[in-house]
Amino acid sequence: MGREFVDFFDHWADSYDQAVTGKDLEYQEVFLNYEHILNEVADLVNGNVVEFGTGTGNLTQRLLEKGCSVVGVEPSAAMRKIASNKMPHLTLLDGDFLNFQLIGPIDAFVSSYAFHHLEDSEKANAITKYSALLSTGGKVVFADTVFGSEDEKQTFIKEAKNKHFLSLAQDLETEYYTTIPILESMFQSNGFSVRFKQLNRFVWLMEAEKL
């Protein structure tokens, strides 16, 4: 359910904001156009928004700036502490993609760089849950590392190893990165229309709207 990675993020919290600015060579391509990626997600939603994997609050700040009412859901206590220091008035809860407290009606669920913490079966369960909670026109907007196919994923892993980016290679092998066809099927079978837009070599924008 993604909780197996909480200790890692507790340790990464203090240096996360440096990593996303390209200071970590192995992850430069993963976080390429980071600010643009966050803006792309924020631009697609309005109203009452639940953000999963709030992290240090970088996407949250953009959502608040455009007038959204945001409830942040983050399992890492260290990440929650940093986000709370940045935004003292933010409603920030301990939870995850599948286990979260619902506060009022929801217009959209958003996330950046986090949905891959769920196994595919858990992703499917989460999407089913969001479909039940959203009204017609409600959205799920996620930006995450996704691959066109399993073969493409293996090519990226091999490339990382050839560059001696061993942390990145282990990440790609250990976490639950999935493919566009699998996600497309999950959303469509739960009553969503969905489109995908590539934002860098690793990251795709998923915009799913409840029909």
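Model, not experiment: these values are computed from the prediction.
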Checklist entry - So is K129 actually on top of F100's ring, under 6.0 Å and inside 45° of the axis? => result yes

Checklist entry - Between R195 and F187, is NZ or CZ placed under 6.0 angstrom from the six-membered ring centre and within 45° of the ring axis? => result no

Are [X] and [Y] close enough that some pair of their side-chain heavy atoms sits under 4.5 Å apart?
| X | Y | answer |
| --- | --- | --- |
| L168 | Y27 | yes |
| V41 | L59 | yes |
| F192 | M186 | no |
| N125 | L98 | yes |
| D24 | F165 | no |
| V110 | L63 | yes |
| H117 | Y176 | no |
| T60 | M87 | yes |

If only atom types and distance count, is the side chain of [X] paired as donor or acceptor with the main-chain N or O of [Y] below 3.5 Å?
| X | Y | answer |
| --- | --- | --- |
| T56 | I82 | no |
| Q198 | N200 | yes |
| D96 | N99 | yes |
| T128 | A124 | yes |
| D107 | N48 | yes |
| N85 | K81 | yes |
| S149 | E152 | yes |

Checklist entry - Would E122 and E119 count as a side-chain contact (heavy atoms from CB on, under 4.5 Å) if you check the C-alpha gap in whole Å, the side-chain angles of each, and the deciding distance to 0.1 Å? => result CA-CA 5 Å; E122 293 171 330; E119 297 179 23; 3.8 Å; yes

Item to check | Audit row: D94, R80, salt bridge (Lys or Arg N to Asp or Glu O under 4.0 Å) steps and yes/no | outcome: CA-CA 8 Å; D94 180 5; R80 290 198 305 273; 3.5 Å; yes

Restricting to non-hydrogen atoms, name the atom on [X] and the atom on [Y] that form the minimum distance, rounded to 0.1 Å.
| X | Y | result |
| --- | --- | --- |
| L92 | E74 | CD1-CB, 4.4 Å |
| A114 | G53 | CB-CA, 4.5 Å |
| S131 | N190 | OG-O, 2.7 Å |
| V70 | L90 | O-CD1, 3.7 Å |
| L134 | I106 | CD2-O, 3.5 Å |
| A126 | L118 | CB-CD1, 4.1 Å |

Checklist entry - CD of Q170: more than 12 outside heavy atoms within 6.0 angstrom? => result no

Nearest 0.5 Å please: distance from the [atom1] atom of [X] over to the [atom2] atom of [Y].
| X | Y | atom1 | atom2 | value |
| --- | --- | --- | --- | --- |
| K153 | T178 | NZ | OG1 | 7.5 Å |
| K210 | S135 | NZ | OG | 7.0 Å |
| E51 | S112 | CD | OG | 6.0 Å |
| F97 | I127 | CZ | CD1 | 10.5 Å |
| D144 | L199 | CG | CG | 11.0 Å |
| N39 | K66 | CG | NZ | 10.0 Å |

Item to check | Ring centres under 6.0 angstrom apart (Y177, H116) | outcome: yes

Checklist entry - Hey, what's the ring geometry for F115 with F142, parallel, tilted or perpendicular (30° and 60° as the breaks)? => result tilted

Item to check | Criterion salt bridge (Lys or Arg N to Asp or Glu O under 4.0 Å) on E26 and K163, from CA distance to verdict | outcome: CA-CA 9 Å; E26 290 197 40; K163 290 180 177 179; over 6 Å; no

Next on the checklist: Using side-chain contact (heavy atoms from CB on, under 4.5 Å), reason through I182 and K123 one step at a time and then give a plain yes or no.
Outcome noted: CA-CA 10 Å; I182 288 174; K123 291 185 184 75; over 6 Å; no

If hydrophobic clusters are built by linking Ile, Leu, Val, Met, Phe, Trp and Tyr wherever their side-chain heavy atoms come under 4.5 Å apart, do [X] and [Y] end up in the same one?
| X | Y | result |
| --- | --- | --- |
| L44 | L64 | yes |
| L166 | L25 | no |
| L133 | V194 | yes |

Next on the checklist: Can you tell me which residue among F31, Y113, W204 is in a side chain to side chain contact (heavy atoms under 4.5 Å, CB included) with I37?
Outcome noted: Y113

Checklist entry - Looking just at side-chain N and O atoms, do E150 and Q154 make a donor-acceptor pair shorter than 3.5 Å? => result yes

